[in-house]
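Since the structure comes first, as structure tokens, the remarks are kept for the end.
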Amino acid sequence: MVQGLAALGTSANRNFISNAGFVITPEGVIVIDALGSPALAQALVKEIQRITPLPITHVLVTHFHADHIYGLQVFKALGARILAHEAGKQYLHSDTAKARLVASRRELSPWVDENTELVFADEWITQDRTLNVGGMVFELMHLGPAHTAEDMVVYLPLQQVVFAGDVMFRQRIPFIGQADSHHWQQALTQLSALNVAWVVPGHGAASQDFKQDLLLTLNYLQFVRTSMLRAVEEGLSFEEAYEAADWSQFKHLPLFGAANRMNAFNIFLQLEQEVLKR
């Protein structure tokens, strides 16, 4: 696997802020996620070719956030078959995805430019399924809606390895955005039931302490939801809610300053709607 930086995407870092992985089978290479720019994908291809002459046959997309997919066109050009969960179609067709690409072409130039495209899957997964390549088994598990509606983790049961995508963040504050924070907690509980020796998260270093490291994302979601729900039920404003929360256990983590307030605000808005529906 290759590990992205615990940072916001910039032109200086080529949008190298997420992880990608690859598995070498007797029949070819399976890549998990495509990184945040075509240049990064090309660099990953060179690393793979340095290790094996086998072709890249598949790319498995955990979700369609920009830092994981802007390299897809490189693998598509090589003839790799792209697989993703069908819920990703909605994002790719959305104005949000188009606006994000326009902004990225401006903010991440020259690494993301007018030649960078949104790439659709060749095969849309509609339910959990098994992919067998060269005798190696890949279980494709849909855990969304969580971080995104289309969240898909890739599990190799014989090797006891899971590529968790952004269902799991390690060593940094998660990015929540429009995530379903309630079901995300359920997805983490489901993920924790797997027999895992190694986990590759969407962000942060690979880990052999799977269940312990998974708790960072789970505990963070639980804390933010509990803090914001109490405020919503008491009729507090978001500003009052944010100031009242004790963030000390998370302040030391990378991207706390960049992401935490936005995360809390998004969950606050979600919980307002949840309370109204009671």
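Note that these values count all heavy atoms, side chains included, but never hydrogens, waters or copies made by symmetry. Computed from a predicted structure; not experimentally measured.
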For the side chain of [X] and the backbone of [Y], is there at least one donor-acceptor N/O pair under 3.5 Å apart?
| X | Y | value |
| --- | --- | --- |
| Ser37 | Asn15 | no |
| Asn19 | Gly204 | yes |
| His203 | Ile17 | yes |
| Thr189 | Gln185 | yes |
| Trp111 | Thr10 | no |

Could you walk me through whether Asp151 and His85 pass the side chain to side chain donor-acceptor pair (under 3.5 Å) check?
CA-CA 7 Å; Asp151 282 321; His85 190 269; over 6 Å; no
Where is the tightest heavy-atom contact between [X] and [Y], given as atom of each residue plus distance?
| X | Y | result |
| --- | --- | --- |
| Met262 | Phe175 | SD-CE1, 4.4 Å |
| Ala179 | Ala146 | CB-O, 3.2 Å |
| Gln270 | Ser181 | OE1-OG, 3.1 Å |
| Ala206 | Arg170 | O-NH1, 3.2 Å |
| Tyr70 | Gly36 | CB-O, 3.4 Å |
| Tyr91 | Ser94 | O-OG, 2.6 Å |

Is any side-chain heavy atom of [X] less than 4.5 Å from a side-chain heavy atom of [Y]?
| X | Y | value |
| --- | --- | --- |
| Leu156 | Phe138 | yes |
| Val154 | Leu140 | yes |
| His58 | Leu131 | yes |
| Leu194 | Met141 | yes |
| Val199 | Asp213 | no |
| Leu54 | Ile48 | no |
| Pro157 | Val137 | yes |
| Gln249 | Phe223 | yes |

To the nearest 0.5 angstrom, please state how far the [atom1] atom of [X] sits from the [atom2] atom of [Y].
| X | Y | atom1 | atom2 | value |
| --- | --- | --- | --- | --- |
| Met168 | Leu216 | CE | CG | 8.0 Å |
| Trp247 | His252 | CH2 | NE2 | 14.0 Å |
| Gln190 | Gln186 | CD | CD | 9.0 Å |
| Leu83 | Arg129 | CG | CZ | 6.0 Å |
| Tyr242 | Ser227 | OH | OG | 10.5 Å |
| Glu274 | Leu271 | CD | CG | 5.0 Å |

Please set out all donor-acceptor pairs under 3.5 angstrom arising from side-chain atoms of residues 23-34, sequence neighbours excluded.
{"from": "Thr25", "atom 1": "OG1", "to": "Glu27", "atom 2": "N", "distance (Å)": "3.1"}
{"from": "Thr25", "atom 1": "OG1", "to": "Gly28", "atom 2": "N", "distance (Å)": "3.1"}
{"from": "Thr25", "atom 1": "OG1", "to": "Gly28", "atom 2": "O", "distance (Å)": "2.8"}
{"from": "Glu27", "atom 1": "OE1", "to": "Gly134", "atom 2": "N", "distance (Å)": "3.3"}
{"from": "Asp33", "atom 1": "OD1", "to": "Thr62", "atom 2": "N", "distance (Å)": "2.8"}
{"from": "Asp33", "atom 1": "OD1", "to": "Thr62", "atom 2": "OG1", "distance (Å)": "3.2"}
{"from": "Asp33", "atom 1": "OD2", "to": "Thr62", "atom 2": "OG1", "distance (Å)": "2.7"}
{"from": "Asp33", "atom 1": "OD2", "to": "His68", "atom 2": "ND1", "distance (Å)": "3.1"}

Taking CD in Gln160 as the centre, count heavy atoms belonging to other residues, nucleotides or ligands within less than 6.0 Å. Is the count above 12?
yes
Just wondering, are more than 12 heavy atoms of other shown residues or ligands nearer than 6.0 Å to CG in Asn132?
yes
I would like to know whether Leu253 and Arg172 meet side chain to side chain contact (heavy atoms under 4.5 Å, CB included); could you show each step before the answer?
CA-CA 5 Å; Leu253 293 170; Arg172 57 153 284 188; 5.6 Å; no
Honestly curious: do [X] and [Y] fall in one hydrophobic cluster under the side-chain, below-4.5 Å linking rule?
| X | Y | result |
| --- | --- | --- |
| Phe268 | Tyr220 | yes |
| Val59 | Leu35 | yes |
| Val224 | Leu229 | yes |
| Leu92 | Leu60 | no |
| Phe64 | Phe120 | yes |

Return all side-chain donor-acceptor pairs below 3.5 angstrom for residues 72-82, not counting sequence neighbours, or 'none' if the list is empty.
{"from": "Gln73", "atom 1": "OE1", "to": "Glu117", "atom 2": "N", "distance (Å)": "2.7"}
{"from": "Gln73", "atom 1": "NE2", "to": "Asn115", "atom 2": "O", "distance (Å)": "3.0"}
{"from": "Lys76", "atom 1": "NZ", "to": "Asp122", "atom 2": "OD1", "distance (Å)": "2.3"}
{"from": "Lys76", "atom 1": "NZ", "to": "Asp122", "atom 2": "OD2", "distance (Å)": "3.4"}
{"from": "Arg81", "atom 1": "NE", "to": "Glu123", "atom 2": "OE1", "distance (Å)": "3.4"}

Partner residues of Ser237 under the side-chain contact (heavy atoms from CB on, under 4.5 Å) criterion, sequence neighbours left out:
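Ser237 satisfies side-chain contact (heavy atoms from CB on, under 4.5 Å) with Glu239, Glu240 only.
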Under 6.0 Å between ring centres: does that hold for Phe169 and His147?
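Yes: the rings meet the under 6.0 Å criterion.
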With ring centroids as reference points, do Phe265 and Phe238 lie under 6.0 angstrom apart?
yes
Determine, stepwise, if the pair Leu158 / Met136 fulfils side chain to side chain contact (heavy atoms under 4.5 Å, CB included).
CA-CA 8 Å; Leu158 297 180; Met136 296 187 70; over 6 Å; no
Does Leu101 form a side chain to side chain contact (heavy atoms under 4.5 Å, CB included) with Val112? I'd like the steps, not just the answer.
CA-CA 8 Å; Leu101 180 56; Val112 176; 4.2 Å; yes
After noting the C-alpha distance and the side-chain angles of Trp198 and Val200, does the key distance pass the side chain to side chain contact (heavy atoms under 4.5 Å, CB included) rule?
CA-CA 7 Å; Trp198 278 98; Val200 178; 5.9 Å; no
Under the side chain to side chain donor-acceptor pair (under 3.5 Å) rule, what do Asp128 and Tyr155 come out as? Steps first, then yes or no, please.
CA-CA 11 Å; Asp128 294 357; Tyr155 178 48; over 6 Å; no
CA sep, side-chain torsions, deciding dist, call: Asp246, Ser248, side chain to side chain donor-acceptor pair (under 3.5 Å):
CA-CA 6 Å; Asp246 179 6; Ser248 57; 2.8 Å; yes
I would like to know whether His63 and Asp166 meet side chain to side chain donor-acceptor pair (under 3.5 Å); could you show each step before the answer?
CA-CA 8 Å; His63 65 296; Asp166 282 7; 3.2 Å; yes
